[in-house]
There are 2 protein chains.
Amino acid sequence: MKNYSEIKPTDSELEILQVLWQLGKATVRQVNDELSKTKDVGYTTTLKLMQIMLEKNIVSRLEDGRVHWYTALVEEEQTQQFLLGKFVDATFRGSAMKLVMQTLGNQTVSKDELEEIKKLIESIENK
Amino acid sequence: MKNYSEIKPTDSELEILQVLWQLGKATVRQVNDELSKTKDVGYTTTLKLMQIMLEKNIVSRLEDGRVHWYTALVEEEQTQQFLLGKFVDATFRGSAMKLVMQTLGNQTVSKDELEEIKKLIESIENK
DNA sequence: TTTTTATTACGAAAATTTTCGTAATGGCCG
DNA sequence: CGGCCATTACGAAAATTTTCGTAATAAAAA
């Protein structure tokens with residue numbers, strides 16, 4: 001897999017990556033159908049983006065007859081990690097703590113999930 | 001203060017907002033000096049951005065002689081909250097939980113901070 | 001008052017991202 | 001085979017974001 005240090009997917013590219021991560025591999029048609037559920041987007045627009053991502057080596061492509069199967073070349077967690085770091089820096093001036101506090105305070109997290117987070121914290125503390 | 005529902009500061013605008021939030025109010029010169037500490041940026045570039053932000057009503061301006069004092073018109077927490085929501089959706093498909101787990105696992109959070117987070121969780125649970 | 005200096009105003013260029021029209025391709029059905 | 005259909009290829013336009021050169025302005029200094 002790719003070393004991700006310098007790559008920053010654009011917003012649209014990230015949307016496509018999400019679909020690819022969920023489906024494993026997909027055609028342009030499938031990706032476009034998925035995106036169309038939540039927004040207006042033309043087939044050729046999606047196609048073009050995926051071609052650009054291919055050039056950037058964010059995805060790979062396998063040709064089967066006339067159909068092209070695309071796969072993400074960057075891992076979901078690694079990408080999230082990378083974007084998270086950027087986001088913390090830009091939005092919370094580097095304070096991961098602040099981000100966590102605000103998320104817990106204002107986003108939707110269930111009781112079970114809170115329990116799970118507590119466990120994670122303890123496992124970190126006891127390391 | 002502004003209703004923030006539809007405004008999305010660009011990356012550069014957010015950098016400027018960070019400076020304004022920290023200084024309370026500032027001149028273009030001050031903001032540019034601050035930004036220059038971490039990146040190359042021309043005075044007129046910063047000026048132009050701040051003028052654009054004025055048009056968008058993201059900041060306000062007070063003229064004192066020839067100097068213009070700028071202030072953020074959007075609140076820090078509110079903006080962070082808004083950007084956080086977008087980020088969770090785009091990067092973690094809406095799962096705040098996943099974001100918190102990854103942050104705790106991989107970003108730098110001190111023991112004291114972990115304690116504080118635990119306390120917050122408990123206060124949420126006991127509510 | 002004249003000059004210098006620091007600032008803001010303006011507009012356009014550059015860079016990046018997103019969108020889409022049109023053509024080319026290749027397989028499938030009649 | 002010949003026309004149709006779904007797909008990909010290509011290139012340019014549109015939209016957004018970022019950068020900066022140059023001019024105008026006003027205060028301060030000489």
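Below, read A as the first sequence line, B as the second, and so on, with proteins coming before strands; counting in each chain starts at 1.
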K.L.:
Is the distance from OP1 or OP2 of C:dA9 to the nearest side-chain N or O of B:Arg61 less than 4.0 Å?
P.N.:
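True: B:Arg61 side-chain N/O within range (under 4.0 Å) of C:dA9 OP1/OP2.
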K.L.:
Rounded off to whole Å, could you give me the CH2-to-C1' distance for the A:Trp69 and D:dT7 pair?
P.N.:
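Roughly 13 Å, once rounded to whole Å.
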K.L.:
Please state whether the rings of B:Phe92 and B:Phe87 are parallel, tilted or perpendicular, taking 30° and 60° as the class boundaries.
P.N.:
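Ring orientation of B:Phe92 relative to B:Phe87: perpendicular.
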K.L.:
Reckon B:Gln51 touches a base, only the sugar-phosphate, or nothing at all at heavy-atom distances under 4.0 Å?
P.N.:
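Base, at least one base heavy atom under 4.0 Å.
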K.L.:
Check every strand shown and say whether A:Thr10 touches a base, only sugar-phosphate, or nothing at a heavy-atom separation below 4.0 Å.
P.N.:
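Since only primed, P, OP1 and OP2 atoms lie under 4.0 Å of A:Thr10, the category is sugar-phosphate.
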K.L.:
Distance check needed: D:dT19 C1' versus B:Asp11 CG, whole Å only.
P.N.:
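So the CG-C1' distance, B:Asp11 to D:dT19, works out to 15 Å.
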K.L.:
So A:Leu84 and B:Thr91, side-chain contact (heavy atoms from CB on, under 4.5 Å) or not? Walk me through it.
P.N.:
CA-CA 8 Å; A:Leu84 180 55; B:Thr91 308; over 6 Å; no
K.L.:
Verify the cluster assignment for B:Leu14 and B:Ile58: are they in a single hydrophobic cluster under the rule of side-chain heavy atoms below 4.5 Å apart?
P.N.:
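Yes, B:Leu14 connects to B:Ile58 through the hydrophobic network.
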K.L.:
Check the distance between C:dT18's C1' and A:Ile16's CD1 and give it to me in whole angstrom.
P.N.:
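So the CD1-C1' distance, A:Ile16 to C:dT18, works out to 11 Å.
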K.L.:
To the side chain of B:Arg66, which of C:dT19, D:dT19, C:dT5 is closest?
P.N.:
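The answer is C:dT5, which lies nearest to the side chain.
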K.L.:
Is there a continuous path of hydrophobic side-chain contacts, each under 4.5 Å between heavy atoms, that joins A:Trp69 to A:Ile16?
P.N.:
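Hydrophobic grouping puts A:Trp69 apart from A:Ile16.
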K.L.:
For the backbone of B:Glu113 and the side chain of B:Glu116, can you confirm whether one donor and one acceptor N or O come within less than 3.5 Å of each other?
P.N.:
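Checking the backbone N and O of B:Glu113 against the side chain of B:Glu116, no donor-acceptor pair under 3.5 Å is found.
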K.L.:
Return the minimal non-hydrogen interatomic distance between A:Lys39 and A:Ser12, and the atom names on each side.
P.N.:
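Nearest pair, atom of A:Lys39 first, then A:Ser12: NZ-OG, 4.5 Å.
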K.L.:
Nearest whole Å is fine: how far is D:dA26 P from B:His68 NE2?
P.N.:
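Between P of D:dA26 and NE2 of B:His68: 10 Å.
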K.L.:
Hey, is the side chain of A:Lys48 pairing donor to acceptor with the base of C:dG21 inside 3.5 Å?
P.N.:
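Donor-acceptor pair under 3.5 Å: no.
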K.L.:
Indicate yes or no for a side-chain donor-acceptor contact from B:Lys111 to the backbone of A:Glu125 under 3.5 Å, with no hydrogens or angles considered.
P.N.:
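Yes, because the side chain of B:Lys111 sits within donor-acceptor range (under 3.5 Å) of the backbone of A:Glu125.
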K.L.:
Whole Å only: how far is the CD atom of A:Glu63 from the C1' atom of D:dA9?
P.N.:
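After rounding, the gap between these two atoms is 12 Å.
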K.L.:
Measure from CG on A:Leu47 to P on D:dG11 and round the result to the nearest Å.
P.N.:
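These atoms are roughly 14 Å apart.
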K.L.:
So which nucleotide from C:dT18, C:dA9, D:dA9 ends up closest to the side chain of A:Ile52?
P.N.:
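Of the candidates, C:dT18 comes closest.
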K.L.:
Take atom CG of A:Leu49 and atom C1' of C:dT17, then tell me their distance rounded to the nearest Å.
P.N.:
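These atoms are roughly 8 Å apart.
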K.L.:
Check the distance between D:dT7's P and A:Tyr70's OH and give it to me in whole angstrom.
P.N.:
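From A:Tyr70 OH to D:dT7 P: 13 Å.
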K.L.:
Looking at DNA chain D, which of residues 27-41 of chain B put a heavy atom within less than 4.0 Å of it?
P.N.:
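Listed by number, there are none.
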K.L.:
Ignoring backbone atoms, test whether B:Thr45 places a side-chain nitrogen or oxygen under 4.0 Å from the OP1 or OP2 oxygen of D:dC20.
P.N.:
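B:Thr45 to D:dC20 OP1/OP2: side-chain N or O found under 4.0 Å.
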K.L.:
Could you tell me whether B:Ser12 contacts a base, only the sugar-phosphate backbone, or nothing, with contacts defined as non-hydrogen atoms closer than 4.0 Å?
P.N.:
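B:Ser12: backbone/sugar contact only, no base atoms under 4.0 Å.
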